[in-house]
**Q** 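Submitted below is the structure of interest, expressed as structure tokens.
In what follows, every chain begins at residue 1, and chains take the letters A, B, ... in the order their sequences are listed.
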Number of protein chains: 2
Amino acid sequence: MLEFAILGLLHQSPMHGYELRKQLAQVLGGLRSISYGSLYPALKRLHAAGYVTTDEPDPRAPLPADAPPLTGRRGKVVYTITAEGKERFHELVGQAGPETYDDDGLFGVRLAFFRHTAADVRLRILEGRRRTVERQREGLRASLSRTRERLDRYTLELQRHGLESVDREVRWLAELIDRELTDGQGRRDDGATPGDPPAQAPPGP
Amino acid sequence: MLEFAILGLLHQSPMHGYELRKQLAQVLGGLRSISYGSLYPALKRLHAAGYVTTDEPDPRAPLPADAPPLTGRRGKVVYTITAEGKERFHELVGQAGPETYDDDGLFGVRLAFFRHTAADVRLRILEGRRRTVERQREGLRASLSRTRERLDRYTLELQRHGLESVDREVRWLAELIDRELTDGQGRRDDGATPGDPPAQAPPGP
DNA sequence: CTGCCGATGTATCGTCTCGATACATCGATC
DNA sequence: GATCGATGTATCGAGACGATACATCGGCAG
């Protein structure tokens with residue numbers, strides 16, 4: 001999930017880790033921000049995989065005993081996406097399987113980068129997500145009606161509120177899908193495959 | 001969080017790990033169930049701390065080469081809360097600081113065990129939670145009005161939906177608080193401190 | 001009667017994420 | 001000129017998760 005989000009942000013412009021984190025928090029909707037303990041290891045993995053490059057390549061080793069209080073020499077590091085990274089991002093952005101909508105976090109990130117996503121993929125993700133959340137809702141409903149009697153007031157309230165939230169999400173998704181279909185031919189602004197023929201993608205009304 | 005939930009469940013009756021997991025999933029509201037990779041280590045920690053005991057104390061060592069296919073001899077393990085465990089639970093159930101409402105998961109568990117919680121503590125947790133979620137809401141609102149122009153349709157939708165959810169949670173909490181105040185003198189069914197004098201707890205209507 | 005399947009049940013492994021923390025630099029305000 | 005908050009990089013330990021292995025038991029299909 002982080003991999004996708006980082007590549008997506010760096011796809012727009014190179015950035016520091018710090019800036020990356022802020023943008024990430026904003027894209028993720030204010031709550032659910034990402035910690036450095038996740039971010040830097042993720043960047044390290046992306047670097048190792050060759051998807052991003054850094055400037056300031058490592059001026060840390062060649063100073064064994066300079067001056068005790070100023071050992072750091074910690075430079076700012078700008079991360080830039082590579083050609084392989086862009087390729088990887090386009091590969092990821094084309095996915096529309098269960099992995100893209102079964103996980104809350106990943107679905108959110110996918111949605112945040114929908115403008116880089118083809119219209120048919122967008123639709124499949126939204127519909128997959130709706131199915132997933134609908135299943136959750138039915139499970140919740142069943143469990144609630146099964147155990148309504150034996151639950152105390154507070155647990156009941158908790159479950160009622162949870163059920164309502166899930167229900168609201170289903171309706172929200174339905175509205176997004178509707179809009180997707182009504183607005184007709186969506187387009188990605190990706191720059192990749194610009195001469196896409198207008199056939200084959202939309203299933204029609 | 002798991003510590004609290006497990007002690008709370010075992011406080012009602014001894015259980016297998018498997019049963020514990022099912023009850024936990026139910027109490028947590030259907031979604032957000034707990035995995036074995038969390039449950040068993042947590043039980044191990046509780047056992048090490050002396051808060052729970054197990055039967056079947058370890059019949060695994062004394063069979064070095066019995067029969068290759070049936071080496072397991074894996075017995076069912078029933079976990080029972082100890083006196084120290086009950087004491088620990090009562091200690092935890094009395095807490096009402098930020099740690100009880102800043103984290104979604106722990107707040108949910110606390111709410112699920114509200115019937116073991118004193119009325120004044122219940123109120124403080126609910127009000128703390130409301131403050132926390134209200135702060136989230138204001139942050140979200142500010143961020144949204146600051147960046148509304150530069151966001152694309154989907155990110156905007158995501159944030160709008162997030163904001164609405166948070167807003168609904170605030171109203172839900174307000175309703176719970178209201179009911180808490182209206183219903184007047186709540187009581188814990190705890191069995192601890194049974195001779196509680198009726199003064200001092202409720203702030204009055 | 002037998003063989004298989006799904007529920008019950010215990011347990012660990014590698015991977016990831018988080019919160020806390022340390023360290024460092026810079027601009028502004030006092 | 002000193003302190004304070006924002007910017008910035010990085011690691012550590014605790015713990016949660018998904019996957020997986022292993023084991024037992026009841027039922028029911030062939």
Side-chain angles (χ1 to χ4, degrees), chain A residues 1-6 14-25 28 31-49 52 54-61 63 66-79 98-99 102-106 109, chain B residues 1-6 14-25 28 31-49 52 54-61 63 66-79 98-99 102-106 109:
Chain A
M1 178 212 115
L2 259 190
E3 179 187 4
F4 182 88
I6 292 173
M15 251 178 268
H16 291 161
Y18 188 87
E19 177 72 11
L20 216 34
R21 184 178 184 255
K22 277 200 310 179
Q23 301 257 345
L24 226 41
L28 264 290
L31 21 96
R32 177 181 304 278
S33 90
I34 221 65
S35 75
Y36 293 125
S38 312
L39 179 61
Y40 284 109
L43 282 170
K44 202 172 289 185
R45 286 196 298 274
L46 290 174
H47 188 237
V52 304
T54 63
D55 60 355
E56 195 92 12
D58 252 73
R60 272 159 304 189
L63 39 148
D66 206 358
L70 347 147
T71 36
R73 226 357 233 96
R74 186 116 67 177
K76 304 188 178 186
V77 181
V78 176
Y79 296 88
E99 71 278 7
D102 279 353
D103 176 75
D104 290 30
L106 186 47
V109 176
Chain B
M1 178 211 112
L2 260 189
E3 180 187 2
F4 182 89
I6 291 173
M15 250 178 267
H16 292 163
Y18 188 88
E19 178 71 10
L20 215 35
R21 184 180 186 252
K22 277 199 310 179
Q23 301 257 345
L24 226 41
L28 264 292
L31 22 97
R32 177 182 306 277
S33 91
I34 221 64
S35 76
Y36 293 125
S38 313
L39 178 61
Y40 284 109
L43 282 170
K44 202 171 291 183
R45 286 195 298 276
L46 290 174
H47 187 238
V52 304
T54 65
D55 60 354
E56 195 89 14
D58 254 72
R60 270 159 304 192
L63 38 149
D66 206 357
L70 348 147
T71 36
R73 225 359 231 93
R74 186 117 64 177
K76 306 189 179 188
V77 181
V78 175
Y79 296 89
E99 71 279 5
D102 279 353
D103 177 76
D104 291 29
L106 186 47
V109 177

**Q** Rounded to the nearest Å, what distance is computed from the CG atom of residue Asp103(B) to the P atom of nucleotide dA20(C)?
**A**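 About 11 Å, once rounded to whole Å.
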**Q** Please determine whether a side-chain nitrogen or oxygen atom of Ser38(B) lies at a distance below 4.0 Å from atom OP1 or OP2 of dC17(D).
**A**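 Checking dC17(D) against Ser38(B), a side-chain N or O does come within under 4.0 Å of OP1 or OP2.
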**Q** Counting any heavy atom closer than 4.0 Å, what does Gly37(A) reach on the DNA or RNA strands: base, sugar-phosphate only, or nothing?
**A**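 Result for Gly37(A) = base.
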**Q** Out of dA10(D), dT12(C), dA6(D), which nucleotide sits closest to the side chain of Val77(A)?
**A**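 Closest of the options to the side chain of Val77(A): dA10(D).
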**Q** Could you state the NE2-P distance from His47(A) to dA10(D), rounded to the nearest angstrom?
**A**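 Result: 11 Å.
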**Q** For the residue pair Ser33(B) and Arg21(B), what are the closest heavy atoms and their distance?
**A**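 Heavy-atom minimum between the residues: OG-NH2, 3.9 Å.
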**Q** Taking atom P of dT8(C) as reference, at what distance in whole Å does atom CD of Glu19(B) sit?
**A**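 In whole Å, dT8(C) P and Glu19(B) CD are 9 Å from each other.
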**Q** Start with the C-alpha gap between Glu19(B) and Lys22(B), add the side-chain angles, then the distance that decides, and say whether side chain to side chain contact (heavy atoms under 4.5 Å, CB included) holds.
**A** CA-CA 5 Å; Glu19(B) 178 71 10; Lys22(B) 277 199 310 179; 3.6 Å; yes
**Q** What is the distance, rounded to the nearest whole Å, between atom CG of Leu20(A) and atom P of dA10(D)?
**A**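 After rounding, the gap between these two atoms is 13 Å.
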**Q** Select one nucleotide: of dG19(C), dG8(D), dG18(D), the one nearest the side-chain heavy atoms of Tyr40(A).
**A**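 So the nucleotide nearest the side chain must be dG8(D).
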**Q** Which nucleotide in the list dA11(C), dA10(D), dT17(C) gets nearest to the side chain of Leu2(A)?
**A**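 Per side-chain heavy atoms of Leu2(A), the pick is dT17(C).
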**Q** Using atom CD of Glu99(B) as one end and atom C1' of dG19(C) as the other, report the distance to the nearest whole Å.
**A**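 My rounded result for the distance is 15 Å.
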**Q** Do the non-hydrogen side-chain atoms of Val77(A) and Asp55(A) ever get within less than 4.5 Å of each other?
**A**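 The answer is yes, as the side chains (C-beta and beyond) meet within the 4.5 Å cut-off.
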**Q** Can you tell me how far C1' of dG9(C) sits from CG of Asp55(B), to the nearest Å?
**A**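 Spelled out: CG on Asp55(B) to C1' on dG9(C) is 13 Å.
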**Q** With heavy-atom distances below 4.5 Å as the criterion, would you say the side chains of Leu20(A) and Leu43(A) are in contact?
**A**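 Yes; the side chains approach each other to less than 4.5 Å.
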**Q** Output the single nucleotide from dC17(D), dT7(D), dG9(C) whose closest atom is nearest the side chain of Ser35(B).
**A**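 So the nucleotide nearest the side chain must be dC17(D).
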**Q** On DNA chain C, nearest-nucleotide positions of Ile34(A) versus Pro41(B): which is more 5'?
**A**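 Looking at DNA chain C, the more 5' nearest nucleotide goes with Pro41(B).
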**Q** OP1, OP2 of dT17(C) versus side-chain N and O of Arg45(A): anything below 4.0 Å?
**A**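 For dT17(C), OP1/OP2 do have a side-chain N/O of Arg45(A) under 4.0 Å.
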**Q** How close or far is atom C1' of dT24(D) from atom OH of Tyr18(B), stated in whole angstroms?
**A**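 Going from OH in Tyr18(B) over to C1' in dT24(D) covers 12 Å.
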**Q** I need the CG-P distance between Leu43(B) and dG9(C), as an integer number of Å.
**A**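 The distance from CG of Leu43(B) to P of dG9(C) comes to 14 Å, rounded to the nearest Å.
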**Q** For the side chain of Tyr36(B), starting at C-beta, report the closest nucleotide among dC18(C), dT7(D), dA11(C).
**A**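 Closest nucleotide to the Tyr36(B) side chain: dA11(C).
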**Q** Side chain to side chain contact (heavy atoms under 4.5 Å, CB included), that's the test. Do Leu24(B) and Val109(B) meet it? Break it down for me.
**A** CA-CA 9 Å; Leu24(B) 226 41; Val109(B) 177; over 6 Å; no
**Q** Using a cut-off of less than 4.0 Å, is there contact between a side-chain N or O of Lys44(A) and OP1 or OP2 of dT11(D)?
**A**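 Looking at the OP1 and OP2 atoms of dT11(D), one of them is under 4.0 Å from a side-chain N or O of Lys44(A).
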